[in-house]
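Quick notes on the structure that follows.
Just so we're on the same page: letters track the sequence lines, and every chain starts at 1.
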Number of protein chains: 2
Amino acid sequence: MQRQTTQRVAIENAFTAAGRPLGPQEILEAARDEVPSLNLATVYRTLKRMVDDRILHPVELPGESPRYELQEAADKHHHHFRCRKCDAVFDLNGCVNGLSKLLPAGFQMSGHDIVIYGDCRACNA
Amino acid sequence: MQRQTTQRVAIENAFTAAGRPLGPQEILEAARDEVPSLNLATVYRTLKRMVDDRILHPVELPGESPRYELQEAADKHHHHFRCRKCDAVFDLNGCVNGLSKLLPAGFQMSGHDIVIYGDCRACNA
DNA sequence: ACGCTATTGCAAATGCATTCGCGTTTTGCT
DNA sequence: AGCAAAACGCGAATGCATTTGCAATAGCGT
């Protein structure tokens, strides 16, 4: 049976408060505001459970360890922005057309990922 | 000083023969056709040197360890295709428009990556 | 409030890709 | 051909992100 622990709630809160994909370390730091004793192993255990339960969804970017976002965010097709100054990742709404015209003959497309790099709002200011 | 060893030549040949980005293990297997004694450590050493010398360029895809492609290929802006059946990666020519319209207000774009997933020509056949 | 068991914190262990140490082999210069 | 330095092969060592074992703690049903 699934228990409602303070650390799990703190982790869920971290996601809703951030509104963007978070990595294990980021989650740890954010959730420690609520539960200072929180341990990284617990973060990993909780992440794994929440992914299994379809509450979170992994976000993989080139050359980086996975971040996670709420499944509800993942449900609608979207892509990601990664800030080169603060390394934070943000969700982007929408998509582009014409991807399939990049395909060579004989290739079949079943999905795609787009990552935009640059400076986020906060780092820009 | 830089020496022209048979293993280094074999590795270079693997790239020109493949015409697509290769990972260390793929390189090892391909180059062993020419030099059966080739060792993975040598592949890594050679890759590092060739990247330093701007002969090769690393290709990072979400959730995978880096592959490498000839710098000449990397010089013109392009993206990548990854086959879900054989895991091979291919270069794609061209790009798309309208990426910047995905940006939220206050965000500044300085680059982007696109990866298309699907079945490659060979796996399709 | 009590007790059972899921969950936690901590430190040690994994897994994996990549790197290093070192004795041996090659390369390229003379 | 002769040699010093660069490369190699091999196995052991790193570095990191992630996982696990275990004793202690804390949800939650009764």
Side-chain angles (χ1 to χ4, degrees), chain A residues 1-15 21-69 80 82 87-89 115, chain B residues 1-15 21-69 80 82 87-89 115:
Chain A
M1 175 254 297
Q2 199 81 304
R3 287 180 185 175
Q4 181 82 352
T5 67
T6 64
Q7 19 283 85
R8 176 169 177 147
V9 171
I11 290 172
E12 286 169 352
N13 288 345
F15 278 105
L22 299 175
Q25 200 60 49
E26 283 178 303
I27 297 163
L28 179 66
E29 282 151 25
R32 271 187 172 165
D33 291 345
E34 276 181 55
V35 184
S37 71
L38 183 61
N39 189 277
L40 187 55
T42 301
V43 172
Y44 275 107
R45 278 189 282 241
T46 306
L47 285 176
K48 170 171 280 195
R49 210 140 11 105
M50 293 174 82
V51 169
D52 287 349
D53 298 347
R54 306 293 155 95
I55 294 167
L56 288 181
H57 188 80
V59 175
E60 309 255 27
L61 298 196
E64 319 200 26
S65 39
R67 291 166 174 79
Y68 298 85
E69 66 184 0
H80 296 97
R82 152 110 195 288
D87 292 344
V89 170
V115 184
Chain B
M1 174 253 296
Q2 200 79 307
R3 287 178 185 176
Q4 183 81 350
T5 67
T6 64
Q7 20 282 87
R8 175 170 178 145
V9 172
I11 290 172
E12 286 169 354
N13 288 346
F15 278 104
L22 300 175
Q25 201 61 49
E26 282 178 302
I27 297 162
L28 180 66
E29 282 151 26
R32 270 186 172 165
D33 290 346
E34 277 181 55
V35 184
S37 70
L38 183 61
N39 189 277
L40 187 55
T42 300
V43 172
Y44 276 107
R45 278 189 283 243
T46 306
L47 284 176
K48 169 171 282 196
R49 210 140 15 100
M50 292 174 81
V51 168
D52 288 347
D53 299 345
R54 306 292 155 95
I55 294 167
L56 288 181
H57 187 81
V59 175
E60 308 254 28
L61 298 196
E64 320 200 25
S65 40
R67 291 166 174 79
Y68 298 83
E69 65 186 0
H80 296 97
R82 152 108 196 288
D87 293 345
V89 170
V115 185

Looking at [X], does any N or O in its side chain come under 4.0 Å of the phosphate oxygens OP1/OP2 on [N]?
| X | N | value |
| --- | --- | --- |
| B/Asn39 | D/dC10 | yes |
| A/Ser37 | C/dG9 | yes |
| A/Gln4 | C/dT7 | no |
| A/Arg49 | C/dT8 | yes |
| A/Tyr44 | D/dT18 | yes |
| B/Thr5 | D/dA7 | no |

By nearest atom, which of the nucleotides [options] is closest to the [X] side chain?
| X | options | result |
| --- | --- | --- |
| B/Arg45 | D/dG9, D/dT18, C/dT7 | D/dG9 |
| A/Gln2 | D/dC8, D/dC10, C/dT7 | C/dT7 |
| A/Val35 | D/dC8, C/dG9, D/dC28 | C/dG9 |
| B/Leu38 | D/dT18, C/dT18, D/dG9 | D/dG9 |

Any non-hydrogen side-chain atom of [X] less than 4.5 Å from a side-chain atom of [Y]?
| X | Y | answer |
| --- | --- | --- |
| A/Arg45 | A/Gln7 | no |
| A/Val89 | A/Glu64 | no |
| A/Arg8 | A/Arg3 | no |

(request) Verify, without hydrogens or angle tests, whether B/Arg32 (side chain) and B/Leu38 (backbone) share a donor-acceptor contact under 3.5 angstrom. (result) yes
(message) Is it the case that the side chain of A/Asn39 and the backbone of A/Ala41 share a donor-acceptor pair, with hydrogens and angles ignored and the cut-off at 3.5 Å?
(response) yes
How close or far is atom [atom2] of [N] from atom [atom1] of [X], stated in whole angstroms?
| X | N | atom1 | atom2 | result |
| --- | --- | --- | --- | --- |
| A/Gln7 | D/dA24 | CD | C1' | 13 Å |
| A/Arg8 | C/dG9 | CZ | C1' | 18 Å |
| A/Glu26 | D/dA17 | CD | C1' | 15 Å |
| A/Leu28 | D/dT18 | CG | P | 13 Å |
| B/Lys48 | C/dT18 | NZ | C1' | 8 Å |
| A/Glu34 | C/dT8 | CD | C1' | 16 Å |

(request) Confirm from the modelled atom types if A/Arg32 and C/dG9 form a donor-acceptor pair under 3.5 Å, side chain to base only. (result) no
(message) Should the side chain of B/Arg3 and the base of D/dA5 be counted as holding a donor-acceptor pair, with the cut-off at 3.5 Å?
(response) yes
(request) Assign each of B/Leu40 and B/Met1 to its nearest nucleotide of DNA chain D by heavy atoms, then name whichever residue's nucleotide is nearer the 5' end. (result) B/Met1
(message) Using 0.5 Å steps for rounding, measure from the CG atom of A/Asp87 to the CD atom of A/Gln25.
(response) 13.0 Å
(message) Let me spell it out: for each of A/Thr6 and B/Ser65, pick the nucleotide of DNA chain C with the closest heavy atom. Which residue's pick is nearer the 5' end?
(response) A/Thr6
(request) Name the nucleic acid region contacted by B/Pro36, choosing base, sugar-phosphate or nothing; use a 4.0 angstrom heavy-atom cut-off, strictly under. (result) nothing
